[in-house]
Amino acid sequence: MGERLVVFDIEVFNQDPTSVCAIGIVELIDLKVHSTYYSLIKPRNLSFDPYRYKVHKIKGKTLYHERTFDEVWKDIHHYFEESIVISHDIQGDMMYIREILKYHQIPYPHLYMSCTNVLAHLLYPELQKYNLKDLSQKYGFEFKAHHALEDAKAAAYILVKMLEESHYTSLNELHEYFHLAYGEMKENYYRNIIAPESVSTLLQLSQKEESYLYHQSICFTGMLDMPRNVLQQQTKQVSALYSHQVTSQTNYLVIGKKGFYKTRYGNDNKKVKKALALKRKGQDIHIIHENEYLELLDKKREGKKYVD
(Lines give C-alpha, C1' and ligand atoms only; values in the text may rest on other atoms or scores of the structure.)
Protein backbone atom coordinates (compact mmCIF):
# COMPACT_ATOMS: atom_id res chain seq x y z
CA MET A 1 0.00 0.00 0.00
CA GLY A 2 1.22 3.51 -0.86
CA GLU A 3 0.87 6.69 1.17
CA ARG A 4 -2.41 6.60 3.09
CA LEU A 5 -4.01 9.90 4.07
CA VAL A 6 -7.26 10.45 5.94
CA VAL A 7 -9.03 13.76 5.36
CA PHE A 8 -11.94 14.55 7.68
CA ASP A 9 -14.32 17.28 8.76
CA ILE A 10 -16.77 17.60 11.65
CA GLU A 11 -19.81 19.71 12.52
CA VAL A 12 -20.44 20.86 16.08
CA PHE A 13 -24.00 21.27 17.37
CA ASN A 14 -23.56 23.96 20.03
CA GLN A 15 -21.03 25.53 22.41
CA ASP A 16 -20.49 22.26 24.28
CA PRO A 17 -17.00 21.09 23.16
CA THR A 18 -18.25 17.48 23.09
CA SER A 19 -21.19 18.25 20.80
CA VAL A 20 -19.77 16.80 17.58
CA CYS A 21 -22.92 16.06 15.56
CA ALA A 22 -21.53 14.92 12.18
CA ILE A 23 -18.32 13.56 10.73
CA GLY A 24 -17.19 13.07 7.16
CA ILE A 25 -14.08 11.14 6.09
CA VAL A 26 -12.23 10.70 2.81
CA GLU A 27 -9.47 8.08 2.72
CA LEU A 28 -6.79 8.63 0.08
CA ILE A 29 -4.26 6.06 -1.05
CA ASP A 30 -1.59 7.39 -3.39
CA LEU A 31 -3.74 10.54 -3.70
CA LYS A 32 -6.73 8.56 -5.04
CA VAL A 33 -10.02 8.25 -3.17
CA HIS A 34 -10.12 4.77 -1.61
CA SER A 35 -13.17 5.12 0.65
CA THR A 36 -15.54 7.66 2.19
CA TYR A 37 -17.63 7.72 5.35
CA TYR A 38 -20.38 9.92 6.75
CA SER A 39 -22.48 9.78 9.89
CA LEU A 40 -24.63 12.02 12.01
CA ILE A 41 -23.89 11.77 15.73
CA LYS A 42 -26.14 12.32 18.73
CA PRO A 43 -24.32 14.61 21.21
CA ARG A 44 -25.02 14.54 24.95
CA ASN A 45 -26.23 18.15 24.82
CA LEU A 46 -28.96 18.93 22.29
CA SER A 47 -29.39 22.58 23.30
CA PHE A 48 -30.26 24.69 20.28
CA ASP A 49 -27.57 27.10 19.10
CA PRO A 50 -28.84 29.51 16.40
CA TYR A 51 -25.33 30.41 15.24
CA ARG A 52 -24.29 26.78 14.78
CA TYR A 53 -27.62 25.90 13.16
CA LYS A 54 -27.13 28.70 10.64
CA VAL A 55 -23.84 27.03 9.68
CA HIS A 56 -24.85 23.36 9.35
CA LYS A 57 -28.69 23.36 9.35
CA ILE A 58 -28.78 20.23 11.55
CA LYS A 59 -31.78 20.09 13.89
CA GLY A 60 -31.86 18.43 17.29
CA LYS A 61 -34.82 16.23 16.35
CA THR A 62 -32.76 14.92 13.42
CA LEU A 63 -30.10 13.70 15.85
CA TYR A 64 -32.35 12.27 18.56
CA HIS A 65 -32.27 8.69 17.23
CA GLU A 66 -28.70 8.78 15.88
CA ARG A 67 -25.83 6.87 17.46
CA THR A 68 -23.58 8.48 20.04
CA PHE A 69 -19.92 9.17 19.29
CA ASP A 70 -18.60 6.09 21.11
CA GLU A 71 -20.82 3.93 18.90
CA VAL A 72 -19.73 5.72 15.72
CA TRP A 73 -16.09 5.47 16.84
CA LYS A 74 -16.28 1.69 16.45
CA ASP A 75 -16.84 2.31 12.73
CA ILE A 76 -14.16 4.93 12.24
CA HIS A 77 -11.31 4.32 14.69
CA HIS A 78 -9.29 2.50 12.02
CA TYR A 79 -9.25 5.70 9.94
CA PHE A 80 -7.43 7.49 12.77
CA GLU A 81 -5.17 4.83 14.27
CA GLU A 82 -1.59 4.93 12.89
CA SER A 83 -2.64 7.37 10.19
CA ILE A 84 -1.81 10.82 8.85
CA VAL A 85 -5.03 12.76 9.34
CA ILE A 86 -5.75 16.09 7.67
CA SER A 87 -8.46 18.71 7.87
CA HIS A 88 -8.73 22.36 6.88
CA ASP A 89 -8.71 23.40 10.55
CA ILE A 90 -6.84 20.58 12.20
CA GLN A 91 -6.17 22.58 15.37
CA GLY A 92 -9.86 23.28 15.94
CA ASP A 93 -11.21 19.95 14.70
CA MET A 94 -8.83 17.89 16.81
CA MET A 95 -9.67 19.98 19.87
CA TYR A 96 -13.26 18.75 19.59
CA ILE A 97 -12.17 15.18 18.83
CA ARG A 98 -9.96 15.19 21.93
CA GLU A 99 -12.78 16.51 24.11
CA ILE A 100 -15.27 13.90 22.96
CA LEU A 101 -12.73 11.07 23.25
CA LYS A 102 -12.08 12.21 26.82
CA TYR A 103 -15.80 12.38 27.59
CA HIS A 104 -16.31 8.79 26.43
CA GLN A 105 -13.08 7.66 28.12
CA ILE A 106 -11.62 6.50 24.82
CA PRO A 107 -7.79 6.53 24.68
CA TYR A 108 -6.22 8.80 22.10
CA PRO A 109 -5.31 6.93 18.92
CA HIS A 110 -1.75 7.27 17.65
CA LEU A 111 -1.79 9.53 14.62
CA TYR A 112 0.01 12.36 12.84
CA MET A 113 -1.63 15.59 11.72
CA SER A 114 -1.40 17.94 8.77
CA CYS A 115 -3.59 20.84 7.68
CA THR A 116 -4.66 22.00 4.22
CA ASN A 117 -4.92 25.56 5.53
CA VAL A 118 -1.28 25.53 6.69
CA LEU A 119 -0.14 23.91 3.44
CA ALA A 120 -2.00 26.50 1.34
CA HIS A 121 -0.29 29.29 3.31
CA LEU A 122 3.08 27.65 2.58
CA LEU A 123 2.47 27.10 -1.12
CA TYR A 124 0.53 30.29 -1.91
CA PRO A 125 1.70 33.05 0.46
CA GLU A 126 0.32 35.67 -1.95
CA LEU A 127 -3.35 34.67 -1.49
CA GLN A 128 -5.71 36.89 0.50
CA LYS A 129 -8.17 34.17 1.52
CA TYR A 130 -7.56 30.55 2.46
CA ASN A 131 -11.02 29.20 3.27
CA LEU A 132 -12.40 26.08 1.62
CA LYS A 133 -14.76 28.07 -0.61
CA ASP A 134 -12.06 30.28 -2.11
CA LEU A 135 -9.52 27.48 -2.50
CA SER A 136 -12.18 25.30 -4.14
CA GLN A 137 -12.94 28.10 -6.60
CA LYS A 138 -9.23 28.40 -7.35
CA TYR A 139 -9.21 24.76 -8.50
CA GLY A 140 -12.65 24.76 -10.12
CA PHE A 141 -14.19 22.44 -7.53
CA GLU A 142 -17.94 22.72 -6.85
CA PHE A 143 -18.02 23.30 -3.11
CA LYS A 144 -21.11 22.46 -1.02
CA ALA A 145 -20.39 24.18 2.26
CA HIS A 146 -20.92 22.97 5.82
CA HIS A 147 -21.78 19.35 5.25
CA ALA A 148 -19.07 17.28 6.94
CA LEU A 149 -18.50 14.86 4.07
CA GLU A 150 -18.67 17.59 1.40
CA ASP A 151 -16.16 19.67 3.36
CA ALA A 152 -13.88 16.64 3.71
CA LYS A 153 -14.17 16.01 -0.03
CA ALA A 154 -13.28 19.63 -0.77
CA ALA A 155 -10.24 19.51 1.56
CA ALA A 156 -9.12 16.22 -0.02
CA TYR A 157 -9.50 17.64 -3.54
CA ILE A 158 -7.56 20.79 -2.58
CA LEU A 159 -4.81 18.68 -1.00
CA VAL A 160 -4.40 16.55 -4.12
CA LYS A 161 -4.41 19.61 -6.40
CA MET A 162 -1.85 21.45 -4.26
CA LEU A 163 0.50 18.47 -4.41
CA GLU A 164 0.01 17.95 -8.14
CA GLU A 165 0.38 21.63 -9.04
CA SER A 166 3.54 21.91 -6.94
CA HIS A 167 4.95 18.62 -8.34
CA TYR A 168 5.13 16.76 -5.03
CA THR A 169 4.50 13.03 -5.27
CA SER A 170 3.43 12.68 -1.63
CA LEU A 171 2.46 14.67 1.43
CA ASN A 172 5.64 13.50 3.16
CA GLU A 173 7.70 15.01 0.36
CA LEU A 174 5.99 18.39 0.79
CA HIS A 175 6.49 18.33 4.58
CA GLU A 176 10.16 17.50 4.16
CA TYR A 177 10.71 20.23 1.57
CA PHE A 178 9.31 22.89 3.91
CA HIS A 179 10.93 21.33 7.01
CA LEU A 180 7.42 21.13 8.44
CA ALA A 181 6.90 18.68 11.31
CA TYR A 182 3.58 16.88 11.55
CA GLY A 183 1.50 17.27 14.65
CA GLU A 184 1.26 14.11 16.71
CA MET A 185 -1.31 12.56 19.00
CA LYS A 186 -1.11 9.42 21.11
CA GLU A 187 -2.32 8.26 24.50
CA ASN A 188 -1.89 11.10 27.04
CA TYR A 189 0.10 13.17 24.51
CA TYR A 190 -0.70 15.92 22.00
CA ARG A 191 1.52 18.19 19.89
CA ASN A 192 0.01 20.51 17.32
CA ILE A 193 1.23 21.31 13.85
CA ILE A 194 2.07 25.01 13.51
CA ALA A 195 -0.81 27.46 13.11
CA PRO A 196 -1.53 29.01 9.67
CA GLU A 197 -0.69 32.46 11.01
CA SER A 198 2.83 31.25 11.88
CA VAL A 199 3.62 30.23 8.30
CA SER A 200 4.88 33.66 7.18
CA THR A 201 7.35 33.65 10.09
CA LEU A 202 8.37 30.09 9.29
CA LEU A 203 9.18 31.04 5.69
CA GLN A 204 11.48 33.81 6.90
CA LEU A 205 13.50 31.64 9.28
CA SER A 206 16.89 30.23 8.44
CA GLN A 207 16.55 26.45 8.40
CA LYS A 208 18.80 25.30 11.23
CA GLU A 209 17.49 21.76 11.44
CA GLU A 210 20.26 20.71 13.80
CA SER A 211 18.92 23.04 16.50
CA TYR A 212 17.14 21.32 19.39
CA LEU A 213 14.50 24.07 19.32
CA TYR A 214 13.96 23.83 15.56
CA HIS A 215 10.41 24.99 14.72
CA GLN A 216 9.40 24.91 18.39
CA SER A 217 6.98 27.58 19.61
CA ILE A 218 8.37 29.60 22.53
CA CYS A 219 6.62 31.97 24.93
CA PHE A 220 8.20 34.03 27.74
CA THR A 221 6.76 35.24 31.02
CA GLY A 222 7.93 36.78 34.29
CA MET A 223 10.95 39.02 34.91
CA LEU A 224 13.68 37.96 32.53
CA ASP A 225 17.34 38.47 33.39
CA MET A 226 18.28 38.82 29.72
CA PRO A 227 16.56 41.56 27.67
CA ARG A 228 13.44 40.15 26.06
CA ASN A 229 14.33 41.46 22.59
CA VAL A 230 17.70 39.67 22.80
CA LEU A 231 16.01 36.39 23.73
CA GLN A 232 13.52 36.84 20.91
CA GLN A 233 16.36 37.34 18.43
CA GLN A 234 18.22 34.29 19.73
CA THR A 235 14.99 32.31 19.42
CA LYS A 236 14.72 33.30 15.77
CA GLN A 237 18.38 32.43 15.14
CA VAL A 238 17.79 28.79 16.10
CA SER A 239 14.74 28.57 13.80
CA ALA A 240 12.23 28.62 16.65
CA LEU A 241 8.97 30.56 16.66
CA TYR A 242 8.36 33.29 19.22
CA SER A 243 4.81 33.71 20.52
CA HIS A 244 3.34 36.44 22.72
CA GLN A 245 0.75 34.08 24.23
CA VAL A 246 0.49 30.49 25.40
CA THR A 247 -1.58 28.58 22.84
CA SER A 248 -2.28 25.02 21.77
CA GLN A 249 0.86 25.35 19.59
CA THR A 250 3.21 26.35 22.43
CA ASN A 251 6.06 23.94 23.16
CA TYR A 252 7.99 25.90 25.82
CA LEU A 253 6.91 28.50 28.36
CA VAL A 254 10.10 30.14 29.64
CA ILE A 255 9.92 31.82 33.05
CA GLY A 256 12.37 34.60 33.91
CA LYS A 257 14.94 33.83 36.60
CA LYS A 258 13.97 36.91 38.66
CA GLY A 259 11.15 35.74 40.90
CA PHE A 260 10.94 32.36 39.15
CA TYR A 261 9.39 30.42 42.02
CA LYS A 262 6.70 33.02 42.68
CA THR A 263 5.78 33.08 38.99
CA ARG A 264 5.93 29.30 38.53
CA TYR A 265 4.20 28.23 41.72
CA GLY A 266 2.07 31.27 42.55
CA ASN A 267 -1.54 31.71 41.54
CA ASP A 268 -1.40 34.95 39.57
CA ASN A 269 0.39 34.27 36.28
CA LYS A 270 -2.16 33.69 33.50
CA LYS A 271 0.36 32.15 31.10
CA VAL A 272 1.46 29.58 33.66
CA LYS A 273 -2.18 28.75 34.47
CA LYS A 274 -2.97 28.18 30.80
CA ALA A 275 0.20 26.13 30.24
CA LEU A 276 -0.66 23.90 33.20
CA ALA A 277 -4.21 23.42 31.90
CA LEU A 278 -2.89 22.42 28.47
CA LYS A 279 -0.32 20.12 30.04
CA ARG A 280 -3.05 18.35 32.02
CA LYS A 281 -4.83 17.70 28.71
CA GLY A 282 -1.72 15.98 27.36
CA GLN A 283 -0.17 18.82 25.33
CA ASP A 284 3.58 18.57 24.84
CA ILE A 285 4.39 21.82 26.63
CA HIS A 286 7.37 22.40 28.93
CA ILE A 287 7.51 25.05 31.66
CA ILE A 288 11.16 25.88 32.21
CA HIS A 289 13.56 28.32 33.90
CA GLU A 290 15.29 31.01 31.83
CA ASN A 291 18.67 29.36 32.49
CA GLU A 292 17.38 26.05 31.12
CA TYR A 293 16.25 27.84 27.97
CA LEU A 294 19.68 29.38 27.47
CA GLU A 295 21.15 25.89 27.56
CA LEU A 296 18.60 24.64 25.01
CA LEU A 297 19.59 27.44 22.62
CA ASP A 298 22.98 25.73 22.22
CA LYS A 299 21.70 22.16 22.22
CA LYS A 300 21.69 20.10 19.02
CA ARG A 301 19.20 17.49 17.85
CA GLU A 302 20.28 13.91 17.28
CA GLY A 303 18.49 13.73 13.94
CA LYS A 304 15.52 15.05 12.03
CA LYS A 305 12.17 13.32 11.96
CA TYR A 306 8.96 14.35 10.22
CA VAL A 307 7.12 11.12 11.02
CA ASP A 308 8.43 8.46 13.40
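If you're wondering where the values come from, they're calculated on a predicted model, not measured in any experiment.
- Contact detail for Leu119 and Ser114: the closest heavy-atom pair is CD1-OG, 3.8 Å.
- Placement of Tyr38 and Trp73 within a single hydrophobic cluster is found when ILVMFWY residues are connected by side-chain heavy-atom separations under 4.5 Å, directly or transitively.
- A donor-acceptor pair is defined here as one N or O able to donate and one able to accept, closer than 3.5 Å; such a pair exists between the side chain of Glu173 and the backbone of Thr169.
- Remark: the backbone N or O of Asn251 is not paired with any side-chain donor or acceptor of Gln283 at under 3.5 angstrom.
- For Lys281, the salt bridge (Lys or Arg N to Asp or Glu O under 4.0 Å) partners are Glu99, not counting sequence neighbours.
- Between the side chain of His147 and the backbone N or O of Leu149, at least one donor-acceptor pair lies under 3.5 Å.
- Cation-pi geometry between Arg44 and Tyr103 is met: under 6.0 angstrom from the ring centre, within 45 degrees of the axis.
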- [ ] Check the pair Lys42 / Tyr64 against side-chain contact (heavy atoms from CB on, under 4.5 Å), numbers first and verdict last.
- [x] CA-CA 6 Å; Lys42 180 184 178 180; Tyr64 192 76; 4.3 Å; yes
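- The environment of Lys279 atom NZ is dense: over 12 non-hydrogen atoms of other residues, nucleotides or ligands sit within 6.0 angstrom.
- Tyr53 and Val55 are not part of a single hydrophobic cluster, where members link through side-chain heavy atoms under 4.5 Å apart.
- By the neighbour-count criterion of 12 heavy atoms within 6.0 Å, atom CZ of Phe48 is densely surrounded, having more than that number from other residues, nucleotides or ligands.
- One distance of note links CD1 of Ile218 with CG of Leu231; it measures 10.5 Å at 0.5 Å rounding.
- The two residues Leu213 and Tyr293 come nearest to each other via the heavy atoms CD1-CE1, 3.5 Å.
- Considering CG of Leu241 and OH of Tyr214, their distance stands at 10.0 Å, rounded to 0.5 Å.
- Judged by distance alone, the side chains of Ser47 and Asp16 never bring a donor and an acceptor atom under 3.5 Å apart.
- A distance of 11.5 Å separates CD1 in Ile25 from OG in Ser87, rounded to the nearest 0.5 Å.
- No side-chain donor-acceptor contact under 3.5 Å links His167 to the backbone of Leu163.
- The shortest non-hydrogen separation linking Val238 to Leu297 is CG1-O, 3.6 Å.
- In this structure, Tyr108 OH and Leu101 CG are separated by 7.0 Å, a value rounded to the nearest 0.5 Å.
- For the 3.5 Å distance criterion, the side chains of Tyr190 and Asp284 fail to qualify, holding no donor opposite an acceptor.
- In this structure, Met94 is not a member of the same hydrophobic cluster as Ile285, with clusters built from ILVMFWY side-chain heavy atoms closer than 4.5 Å.
- More than 12 heavy atoms of other residues, nucleotides or ligands sit less than 6.0 Å from atom CG of Asn229.
- Applying the side chain to side chain donor-acceptor pair (under 3.5 Å) test to residues at least two apart or on different chains, the pairs with a partner in residues 121-139 are Asn117-His121, Tyr124-Tyr139, Tyr124-Glu165, Asn131-Asp134.
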Task: Residues Leu5, Leu31; criterion side-chain contact (heavy atoms from CB on, under 4.5 Å); working and verdict - done: CA-CA 8 Å; Leu5 307 174; Leu31 304 184; 4.0 Å; yes
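- Residues satisfying the salt bridge (Lys or Arg N to Asp or Glu O under 4.0 Å) test with Asp75, not counting sequence neighbours, are Arg67.
- For the residue pair Ala156 and Val26, the shortest heavy atom distance occurs at CB-CG1, 3.9 Å.
- Taking the centre of each ring, His244 and Tyr242 come in below the 6.0 Å mark.
- The minimum heavy-atom distance between Gly256 and Leu224, with the atom names listed, is CA-CD2, 3.6 Å.
- Although no hydrogens or angles enter the test, the distance criterion places a donor-acceptor pair under 3.5 Å between the side chain of Ser19 and the main chain of Asn14.
- How far CG of Asn192 is from OG1 of Thr250: 9.5 Å, rounded to the nearest 0.5 Å.
- At a threshold of 4.5 Å between side-chain heavy atoms, the hydrophobic network of Ile, Leu, Val, Met, Phe, Trp and Tyr places Leu253 and Phe220 in two separate groups.
- Here the side chain of Glu292 pairs a donor or acceptor atom with the backbone of His289 at under 3.5 angstrom.
- Heavy atoms from other residues, nucleotides or ligands lying under 6.0 Å from CZ of Phe141 number more than 12.
- Taking the six-membered ring wherever Trp is involved, the centroid distance between the rings of Tyr79 and Phe8 does not fall below 6.0 Å.
- Cluster annotation: Val246 and Tyr189 are assigned to distinct hydrophobic clusters (Ile/Leu/Val/Met/Phe/Trp/Tyr, side-chain heavy-atom contacts under 4.5 Å, transitive).
- A 4.5 Å side-chain heavy-atom check between Gln91 and Pro196 finds at least one atom pair inside the cut-off.
- Taking both residues in full, the closest heavy atoms of Ala155 and Val7 are given as CB-CG1, 3.7 Å, listed atom of the first, atom of the second, then distance.
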- [ ] Show the numbers, then the answer: is there a side chain to side chain donor-acceptor pair (under 3.5 Å) between Ser35 and Glu27?
- [x] CA-CA 5 Å; Ser35 68; Glu27 180 186 26; 2.6 Å; yes
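- At least one donor-acceptor pair under 3.5 Å links the side chain of Glu3 to the backbone N or O of Asn172.
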TODO: Determine, stepwise, if the pair Val6 / Ile84 fulfils side-chain contact (heavy atoms from CB on, under 4.5 Å).
DONE: CA-CA 6 Å; Val6 175; Ile84 299 174; over 6 Å; no
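- Remark: Lys54 fails to qualify as a cation-pi partner of Tyr51 under the 6.0 Å distance and 45° angle criteria applied to the six-membered ring.
- Put simply, OH on Tyr96 and SG on Cys21 are 11.0 Å apart, with the number rounded to the nearest 0.5 Å.
- Taking the ring centre of Phe13 as origin, the terminal cationic atom of Arg52 falls outside the region bounded by 6.0 Å and 45° from the ring axis.
- In this pair, Phe260 and Tyr265 present their aromatic rings perpendicular. The plane angle is above 60°, beyond the 30 to 60° band.
- Under a 3.5 Å cut-off, the side chain of Glu290 and the backbone N or O of Lys257 do form a donor-acceptor pair.
- Proximity of the aromatic rings of Phe80 and His110 is defined here by a centroid distance below 6.0 angstrom, and this criterion is not met.
- The main-chain N or O of Thr68 is found under 3.5 Å from a side-chain atom of Glu71 such that the two form a donor-acceptor pair.
- The 12-atom threshold is not exceeded at NZ of Lys262, counting heavy atoms of other residues, nucleotides or ligands nearer than 6.0 Å.
- Listed for the Glu66 side chain is no donor-acceptor partner under 3.5 Å among the backbone atoms of Ser39.
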Open item on the list: Please determine whether side-chain contact (heavy atoms from CB on, under 4.5 Å) holds for the pair Leu171 and Leu159, giving the CA-CA distance in whole Å, both sets of side-chain angles, and the decisive distance to 0.1 Å.
Closed with: CA-CA 9 Å; Leu171 182 60; Leu159 174 64; 4.1 Å; yes
